[in-house]
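Report on one structure; see the data block that follows.
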Amino acid sequence: KGRAAVGKQKGKRRNKRTTAKRTALGARDRISVRRVPGQRVFELVHPTCAQERSEDMEEVRAMLEAGEVEIAVEELRWLLGGCRALLEAHQLLGQIALADGDLPLARGHFGHAFKLGTEALPERGLSGVLPADRPANPALFKSAAGLARCLKQPGQPDQAAAGRKR
């Protein structure tokens with residue numbers, strides 16, 4: 001398609017904000033949310049690029065369990081290079097940074113993961129719950145908890161309360 005087709009789909013113009021958001025991440029890199037059939041329960045749907053890296057993430061978790069933190073960090077960074085919406089990678093990097101006492105880096109990773117997950121939620125809210133125990137959801141909840149820990153540091157209590165409310 002040529003330049004004239006950009007921003008149009010089947011004759012309709014897209015809203016600039018939606019186009020900018022899709023251009024920034026790309027549809028392949030976006031997290032979405034879906035309702036579990038027959039329930040008032042929702043779960044995150046991770047993008048294709050994240051799903052394609054599930055075996056790599058299993059290896060990273062094994063590295064961390066074996067104490068190979070430096071190798072795991074390099075692998076996580078490499079994985080994020082191919083999929084910026086790999087929420088669990090940001091969550092794990094946030095945990096590692098927090099354990100190392102690097103609060104700004106931890107806050108950055110937890111905050112980015114939290115933003116990726118919450119951007120998938122509709123502005124009007126959900127007509128049900130998004131529980132932490134659904135297989136696709138824990139990284140979002142762990143990131144929110146990690147972000148709250150980072151923001152609860154001295155001098156930042158109001159930010160921590162705002163993060164928990166979201």
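Keep in mind that what you see is a predicted model, and the values were worked out from it rather than measured.
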List in chain and number order the residues that pass side chain to side chain donor-acceptor pair (under 3.5 Å) with H109, two or more places apart in sequence or in another chain; answer none if no residue qualifies.
-> H90
Verify same cluster id: L147, L121 (apolar side-chain graph, 4.5 Å) | yes
Are the side chains of V73 and R77 in touch, meaning some heavy atoms are under 4.5 Å apart?
-> yes
Set of side-chain contact (heavy atoms from CB on, under 4.5 Å) partners for R35, sequence neighbours left out = R40, F42, S127
same_hphob_cluster(L44, L126) at 4.5 Å side-chain heavy-atom cutoff = yes
Candidates R53, H46, Q51 - the one meeting side-chain contact (heavy atoms from CB on, under 4.5 Å) with L86 | R53
Output every pair passing salt bridge (charged side-chain N to carboxylate O under 4.0 Å, His left out) with a member in residues 95-105, not counting sequence neighbours, ordered by first then second residue.
-> none
What is the minimum heavy-atom distance between A97 and A106, and which atoms define it?
-> CB-N, 3.5 Å
Report the distance from atom CZ of R134 to atom CD of E43, rounding to the nearest 0.5 Å.
-> 4.5 Å
Closest heavy-atom pair and its distance - A113, L87 = O-CD1, 3.6 Å
Might you point out which heavy atoms bring P138 and A132 nearest each other, and give the distance in Å?
-> CG-O, 3.4 Å
Supply the atom-to-atom distance M63 CE to R61 CZ, rounded to the nearest 0.5 angstrom.
-> 11.5 Å
How many angstroms lie between atom CG of L98 and atom CG of L93, to the nearest 0.5 angstrom?
-> 12.5 Å
D56 side chain to L79 backbone, donor-acceptor under 3.5 Å = no
Please test T48 against E52 for side chain to side chain contact (heavy atoms under 4.5 Å, CB included), starting from the C-alpha separation and ending with a verdict.
-> CA-CA 6 Å; T48 304; E52 291 170 347; 3.4 Å; yes
Return the minimal non-hydrogen interatomic distance between C49 and G82, and the atom names on each side.
-> CB-O, 4.2 Å
Going by heavy atoms in the side chains, are V45 and I31 under 4.5 Å from each other?
-> no
Is the CD atom of Q39 crowded by more than 12 outside heavy atoms at less than 6.0 Å?
-> yes
Nearest-0.5 Å distance, NZ of residue K152 to CG of residue L103 = 14.0 Å
Would you call R30-E119 a salt bridge at under 4.0 Å N-O?
-> no
Co-membership, hydrophobic cluster, residues V69 and L105, 4.5 Å side-chain = no
Hydrophobic cluster identity match, L116 and L151, side-chain contacts under 4.5 Å | yes
When every non-hydrogen atom of C150 is compared with those of F110, the smallest separation belongs to SG-CD1, 3.9 Å
To the nearest 0.5 Å, atom CG of L64 lies from atom CG of L92 at 6.0 Å
Establish whether F141 and V129 are linked, either directly or via other cluster members, by ILVMFWY side-chain heavy-atom contacts under 4.5 Å.
-> no
Point-to-point distance, once rounded to the nearest 0.5 Å, from CG of N137 to CG of L130 | 4.5 Å
